[in-house]
*Asks:* 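One structure coming up, written as structure tokens, with questions to follow.
Being a predicted model, the structure only gives us computed values, none of them experimental. Just the heavy atoms: all of them, side chains too, but no hydrogens, waters or symmetry mates, feed the values below. Convention: sequence-line order gives letters A, B, ...; per-chain numbering from 1.
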Amino acid sequence: MASPVRVRFAPSPTGHLHVGGARTALFNWLFARHHRGAFVLRIEDTDRSRSTDENIVAIVDALQWLGLDWDEGPPTPGYRQTERFAIYREHAQRLLASGRAYYCDCPPELLDRERGVAQQRGETFRYSGRCRDRGLGAGALRLRIPTAGATVVNDLIHGPVTFEHSQLDDWILVRTDGTPTYNFCVVVDDVTMSITHVIRGDDHLSNTPKQILCYEALDYAVPEFAHVSLILGKDRSRLSKRHGATSVQAFRDSGIPADALVNYLARLGWSHGDQEVFSRAELVELFDIKNVASSGAVFDATKLEWLSQLYLKTMDGARLAELAEPFVRAVGLTPPPDRPRFIAMLDTLRERAKTLVELVEQGRFYFERPAAYEAKAAQTLLTVEGARRLGLVIARLEGAPEFTVAAIERVFRALTEELGLKLVDLAQLARLAATGRTASPPIFDVLALVGREESLVRLRRAREAAERTA
RNA sequence: GACCCCGUCGUCUAGCCUGGCCCAGGACGCGACCCUUUCAAGGUCGAGAUCGCGGGUUCGAAUCCCGCCGGGGUCACCA
């Protein structure tokens, strides 16, 4: 039996969780859950100037919101690089003792000059190896890599990718000031955390051969690698803020259900035949890293919205109420204390909104009287004739034996018939009165949900408004 | 510039490994129609890809080979 799968997501807390990072996290999580392995969260905060605790909280929040739970990681200590310096130091010592690493005291100015020369000659800069055999006792610690041959990265998504050693150089493991570099930390962390599969962004593919050489120098087994393509913006360059909303936080705030975002992100680059909609369980069951596309994918907010609406439309009512409530409160309104009634209101709204923000916006009349009437509609509907019709509707509704959707509909249909009108003539009038707008959920449902008393208040107010303008 | 990755409808993709079932399928978006008390939702139909380009191999290529072009990523004592 193969050793248990262990993967990790290692964000750098220099900002909020980006959708690209979220997708990488998702693929790791799916891989771990599919293989019944462990998902580790590790914080790469060696860049102290840009890393903040607030960002760590934000990233943790975003991951939890997405439902990507980790088996190991914060708040348990030992999963932040800044807590692991002793481990890096120890590994550096080992490399030095075995002769696989050496000190270098080349001044930065010299390196810069050499870099400049290499650039002019149109070559990739490589450290000259000047200090390789000087046996220095201090300075920056460099990894001694083989001069000949090549290192092959057997990528699970890309297949074998070969890098000639002549293109690589003796890179720095530990800086002169004693701090370890990112590439070194990653190797040591992945090794000491027994990571079996490194699933990360494509932008790390070029670093991989250097890291593999470090594993080998340390005499550790090399993990499997899978480099996921980047998420692109409309112009096909790496998705960034200038392409619009990119943080998970922003999508949450705009009222997109976490399940919809997860579904969208999963489908962006990964596929299972023609299937577009997946439950969590299906995702876990069907996910296979081999079906992850190797090409970059443009982020399509419109398709995300389609999924968002689909989830709003189909999710459980109680769950929807739970998700919608904070959005109702966020605009200063209050959902009715009667939960089934609140859910019934949402049921009339859910297929009309792409996000929870939109849903609340379109349904605010359920929680407050319309403050104004749509100007154009008021002009054509709130007339003398409109006032007369509203009066008739009010009278019939007052006398109706009950105030159910069916009863209200009977009143409207009968009146329509008697007046020789079309249903739309009365419906739009009532709609404007009850909601202030010309577009809303079915008006009989709206009236029933708003209740007899409040409905009549709104109809009377509209009649008064009509009489005023007349 | 060097190295590496990528290249199927506007977008996400299936198909590519194991050539023919593909003059290329699905989804989003778009258009039309149907349904209809408005708006949505739903249903039906439709437009949309000479499979980046050019050579080869083959009876036959989106699928195999070569070259080119285009896009992206990486080249730090950043992460």
*Asks:* What's the closest nucleotide to the Ala297(A) side chain, out of rC12(B), rA79(B), rG7(B)?
*Replies:*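 Of rC12(B), rA79(B), rG7(B), rC12(B) is nearest to the side chain of Ala297(A).
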*Asks:* With a 3.5 Å limit on both atom pairs, tell me what rA2(B) is paired to, counting Watson-Crick and G-U wobble, or say none.
*Replies:*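 rU74(B) is the nucleotide pairing with rA2(B).
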*Asks:* With rounding to whole Å, what would you report as the distance between rA2(B) and rC28(B) at their P atoms?
*Replies:*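 So the two P atoms sit 44 Å from each other.
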*Asks:* If you only use heavy atoms from C-beta on, which nucleotide in rA79(B), rC77(B), rG73(B) is closest to the side chain of Ser206(A)?
*Replies:*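 Closest nucleotide among those given: rG73(B).
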*Asks:* Under the salt bridge (charged side-chain N to carboxylate O under 4.0 Å, His left out) rule, collect the residues that match up with Lys354(A), sequence neighbours excluded.
*Replies:*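 Listed in chain order: nothing, the list is empty.
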*Asks:* For Phe27(A), which residues count as a ring pair (Phe, Tyr, Trp, His ring centres under 6.0 Å) partner, sequence neighbours excluded?
*Replies:*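 Scan of Phe27(A) (ring pair (Phe, Tyr, Trp, His ring centres under 6.0 Å), adjacent residues dropped) gives Phe287(A).
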*Asks:* Which nucleotide wins on minimum distance to the side chain of Val161(A), given the candidates rC5(B), rU37(B), rA79(B)?
*Replies:*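 Nearest to the side-chain atoms of Val161(A), counting from C-beta on, is rC5(B).
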*Asks:* May I have the distance from Gln119(A) (atom CD) to rU74(B) (atom P), rounded to whole angstrom?
*Replies:*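 Gln119(A) atom CD is separated from rU74(B) atom P by 15 Å.
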*Asks:* Answer with yes or no whether Arg431(A) presents, from its side chain, a donor or acceptor under 3.5 Å of a partner atom in the base of rU37(B).
*Replies:*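 A donor-acceptor contact between them is present.
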*Asks:* Counting only distance, no hydrogens or angles, is the base of rG73(B) paired donor-acceptor with the side chain of Asp202(A) under 3.5 Å?
*Replies:*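 It does not, because no donor-acceptor pair links the side chain of Asp202(A) to the base of rG73(B) below 3.5 Å.
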*Asks:* Return no unless some side-chain N or O of Arg115(A) is found under 4.0 Å from OP1 or OP2 of rC77(B).
*Replies:*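 Answer is yes, contact under 4.0 Å.
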*Asks:* Which comes earlier along RNA chain B counting from the 5' end, the contact point of Asp203(A) or that of Gly139(A), where each point is its nearest nucleotide?
*Replies:*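 In this pair, the answer is Asp203(A).
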*Asks:* Return no unless some side-chain N or O of Arg238(A) is found under 4.0 Å from OP1 or OP2 of rU74(B).
*Replies:*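 For rU74(B), OP1 or OP2 has a side-chain N or O of Arg238(A) closer than 4.0 Å.
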*Asks:* Between rC45(B) and rC64(B), how far apart are the P atoms? Round to whole Å, please.
*Replies:*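 Those two atoms are separated by 34 Å.
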*Asks:* Are any of the side-chain nitrogens in Glu83(A) or Arg42(A) under 4.0 Å away from the carboxylate oxygens of its partner?
*Replies:*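 No salt bridge links Glu83(A) with Arg42(A).
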*Asks:* Go ahead and name the base partner of rA62(B); Watson-Crick or wobble counts if both distances stay under 3.5 Å, otherwise write none.
*Replies:*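 Here rA62(B) is not engaged in any pair, so there is no nucleotide opposite it.
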*Asks:* Ignoring hydrogens and geometry beyond distance, is the side chain of Glu276(A) in donor-acceptor contact with the base of rG26(B) at under 3.5 Å?
*Replies:*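 Flag set: donor-acceptor pair detected.
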*Asks:* Find the distance Phe125(A):CZ to rU74(B):C1' and express it as a whole number of Å.
*Replies:*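 Between C1' of rU74(B) and CZ of Phe125(A): 15 Å.
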*Asks:* Kindly say if Arg126(A) contacts the phosphate of rC3(B), meaning a side-chain N or O under 4.0 Å from OP1 or OP2.
*Replies:*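 Answer is no, no contact under 4.0 Å.
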*Asks:* Is Arg369(A) salt-bridged to Glu454(A), going by a charged N under 4.0 Å from an acidic O?
*Replies:*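 Judged by the 4.0 Å cut-off on N to carboxylate O distance, Arg369(A) and Glu454(A) do form a salt bridge.
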*Asks:* Heavy atoms from C-beta onward define the side chain here; which of rA27(B), rC6(B), rU37(B) lies closest to that of Ser295(A)?
*Replies:*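 It is rC6(B).
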*Asks:* Using both distances under 3.5 Å as the test, list the Watson-Crick or G-U wobble partner of rC69(B), or none.
*Replies:*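 Because both required distances fall under 3.5 Å, rC69(B) counts as paired with rG7(B).
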*Asks:* Using a strict 4.0 Å threshold on nitrogen-to-oxygen distance, state whether Glu417(A) and Arg413(A) make a salt bridge.
*Replies:*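 Salt bridge: no.
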*Asks:* Can you check whether Arg236(A) has a side-chain N or O nearer than 4.0 Å to OP1 or OP2 of rG7(B)?
*Replies:*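 No, because none of the side-chain N or O atoms of Arg236(A) sits under 4.0 Å from OP1 or OP2 of rG7(B).
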*Asks:* Just name whichever nucleotide pairs with rG46(B), Watson-Crick or G-U, keeping both distances under 3.5 Å, else none.
*Replies:*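 Paired with rG46(B), as far as the under-3.5 Å criterion goes, is rC30(B).
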*Asks:* Calculate the interatomic distance between Phe299(A) atom CZ and rA27(B) atom P; express it in whole Å.
*Replies:*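 Distance, rounded to whole Å: 21 Å.
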*Asks:* Sequence neighbours left out, what passes salt bridge (charged side-chain N to carboxylate O under 4.0 Å, His left out) with Arg84(A)? Give chain and number order.
*Replies:*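 Applying salt bridge (charged side-chain N to carboxylate O under 4.0 Å, His left out) to Arg84(A) gives Asp189(A).
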*Asks:* Applying the Watson-Crick and G-U wobble criteria at under 3.5 Å, what pairs with rA14(B)? Answer none if nothing qualifies.
*Replies:*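 Looking at the geometry, rA14(B) pairs with no nucleotide.
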*Asks:* Which residues in residues 300-307 of chain A have at least one heavy atom lying under 4.0 Å from any atom of RNA chain B?
*Replies:*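 Of all residues in residues 300-307 of chain A, the ones placing a heavy atom under 4.0 Å from RNA chain B are Asp300(A), Thr302(A), Lys303(A), Trp306(A).
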*Asks:* With nearest nucleotide decided by heavy atoms, which residue, Gln309(A) or Tyr182(A), maps closer to the 5′ end of RNA chain B?
*Replies:*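 Checking each residue's closest nucleotide, the 5'-ward one belongs to Gln309(A).
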*Asks:* For RNA chain B, which residues in residues 81-96 of chain A have a heavy atom at a distance below 4.0 Å?
*Replies:*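 None, since no heavy atom is under 4.0 Å.
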*Asks:* Would you indicate which nucleotide in rG72(B), rC77(B), rU37(B) comes nearest to any side-chain atom of Ser237(A)?
*Replies:*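 Closest nucleotide to the Ser237(A) side chain: rG72(B).
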*Asks:* Using the C1' atom as the point on both nucleotides, what is the distance between rU74(B) and rC9(B), in whole Å?
*Replies:*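 That atom pair is separated by 32 Å.
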*Asks:* May I ask you to list the residues of residues 352-361 of chain A, by number, that have any heavy atom positioned under 4.0 Å from an atom of RNA chain B?
*Replies:*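 Listed by number, they are Arg352(A).
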